[in-house]
Amino acid sequence: MKVAVLGPAGFGGSHVSVELIQRGHDVFGVSRHPEKLGKHNHYKPVVLDITSASILELIDVFKSVDVVINAFNPPYGPTVYKTFVETLRRITIAAKHSNLEYFVTIGGTGSLDLGPAHPYQSAADSRTFWLAYRRATADSEAATYHMEERIGLGSPMSSSMRNYRSARQALLTESCTDEDKTTIKDTETAVIEGPDPIPDIPLAARASYMFFEGNTTFPWTFVSPPAKYIPGPRTGRYSVHFDCVPLEPEAEQRGSDNEYDGRLLGISVADLAVAIADEVEAKTKAGKHWSAVAELPGEQERWDSYAKLP
């Protein structure tokens, strides 16, 4: 097939692009700098600023492919919410009018519901969930290093994330100092009591699901990664969940008063790329909101966040 990937050099987009190319599909990478992925006979870079592209420009790209995968994320900034939602609005309209076989969009964990115990609430509504997410990120070297890469190694925010991980590690090994306890308390109090701790991109991804829910005018699927979506090895094995945040049973809480502690499931970016490529080929989840989880054998190692063509 011919598949356009919006954001082919990003975290999710680079891995799904490489996965598709390795399966023999022709990938059209669409972004401002699609050449960052590398060169391959089955890869065609298409230079286009997605955030400013018109609907007609997007249709012109989409009409030459069978499938579009939206892995686009705008750069952070004061207008990132507006940019995300407005850009995806144009992308969705273009997809609707391009006679595509399939449109796949990658959302975020915040879009997933919290289940029957919390009706009408998604992960992005819950500070309790967000605290468990922050703890799970800190307890994973792969996740922490990935966030440091994204935010900027050595920046004040990435340094605070590393300090929080170090303090959490000291707590888990019962070697926690007073300084470590202060770091943990300050970080977690900010999540529970401070200004809204959930960034704009997860909120925008959640809002964008409303473009798709109940929409029968074109074939789409909406995949939201689980909470622990991190760099790691490709195992090729995964299981699928629909609509709700994938969680371990409550018995896995390990004595915490936070109902999500120790229960957040995950998947490597490489294995989610496998799941997405499988769906591109099989098209069994049209009109569905889903996630996928897998084992995380490399969670305590550092991995490259972005895939490259050889």
Side-chain angles (χ1 to χ4, degrees), residues 3 5 7-23 25 27 29 36-38 69-73 104-112 123 132-151 153 158 161 165 201-202 205 221-242 244-248 252 260 262-282 285 289-310:
V3 183
V5 177
F11 183 52
S14 63
H15 285 269
V16 77
S17 293
V18 170
E19 180 70 28
L20 288 165
I21 289 167
Q22 289 175 342
R23 296 184 186 206
H25 300 295
V27 171
K36 288 183 177 180
L37 184 67
I69 298 174
N70 173 37
F72 161 78
N73 264 329
V104 181
T105 196
I106 303 174
T109 308
S111 313
L112 294 163
Y133 166 77
R134 288 293 306 273
R135 288 171 173 170
T137 298
D139 294 345
S140 165
E141 178 59 29
T144 299
Y145 185 68
H146 168 59
M147 295 304 297
E148 287 175 321
E149 280 191 309
R150 292 185 65 180
I151 295 167
L153 290 164
S158 68
M161 293 189 72
R165 170 168 168 74
I201 282 186
T221 194
F222 195 103
V223 53
S224 289
K228 296 166 71 172
Y229 178 45
I230 62 177
R234 181 190 187 278
T235 70
R237 300 181 300 275
Y238 61 90
S239 60
V240 173
H241 296 244
F242 290 96
C244 294
V245 175
L247 297 170
E248 291 279 11
E252 297 299 320
Y260 302 110
R263 299 177 61 204
L264 303 185
L265 295 175
I267 194 169
S268 73
V269 62
D271 276 338
L272 189 65
V274 173
I276 292 171
D278 285 349
E279 180 58 20
V280 165
E281 294 172 343
K285 304 178 190 65
H289 184 198
W290 58 283
S291 187
V293 300
E295 294 181 0
L296 294 170
E299 190 173 6
Q300 299 308 329
E301 302 174 43
R302 294 184 177 185
W303 299 85
D304 291 334
S305 292
Y306 307 100
K308 298 283 187 182
L309 289 168

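Nothing fancy with the numbering, it's 1 onward along the sequence.
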- Item | Shortest non-hydrogen contact from Ser268 toward Pro233 | OG-O, 3.0 Å
- Please name all residues satisfying side chain to side chain donor-acceptor pair (under 3.5 Å) with Arg234, sequence neighbours left out, ordered by chain then number. Glu19
- Note on the structure: Heavy-atom closest pair (Thr109 atom, Val245 atom, distance to 0.1 Å) is O-CG2, 4.5 Å
- Message: Main chain of Glu148, side chain of Ser158: is a donor-acceptor contact present, judged purely on distance under 3.5 Å?
- Response: no
- Query: After noting the C-alpha distance and the side-chain angles of His146 and Ser305, does the key distance pass the side-chain hydrogen bond (donor to acceptor under 3.5 Å, both in side chains) rule?
  - Reply: CA-CA 6 Å; His146 168 59; Ser305 292; 2.8 Å; yes
- Message: I'd like to check Val104 versus Asn70 (side-chain heavy atoms, cut-off strictly below 4.5 Å). Are they in contact?
- Response: no
- Message: I'd like to know if the side chain of Ser224 reaches the main chain of Gly107, judged simply by a donor and an acceptor atom lying under 3.5 Å from each other, with no hydrogens or angles considered.
- Response: no
- Message: Within the 4.5 Å heavy-atom criterion, are Pro246 and Leu112 side-chain neighbours or not?
- Response: yes
- Task: Test side-chain contact (heavy atoms from CB on, under 4.5 Å) on His15 and Asp271 and set out the steps.
- Result: CA-CA 9 Å; His15 285 269; Asp271 276 338; over 6 Å; no
- Message: So Tyr145 and Leu153, do their side chains get closer than 4.5 Å, heavy atoms only?
- Response: yes
- Message: Would the distance check show the side chain of Thr144 and the main-chain N or O of Thr137 forming a donor-acceptor pair, the cut-off being under 3.5 Å?
- Response: yes
- Item | Qualifying residues under salt bridge (Lys or Arg N to Asp or Glu O under 4.0 Å), relative to Glu301, sequence neighbours excluded | none
- Taking C-beta and beyond as the side chain, do Lys285 and Phe242 meet within less than 4.5 Å on heavy atoms? yes
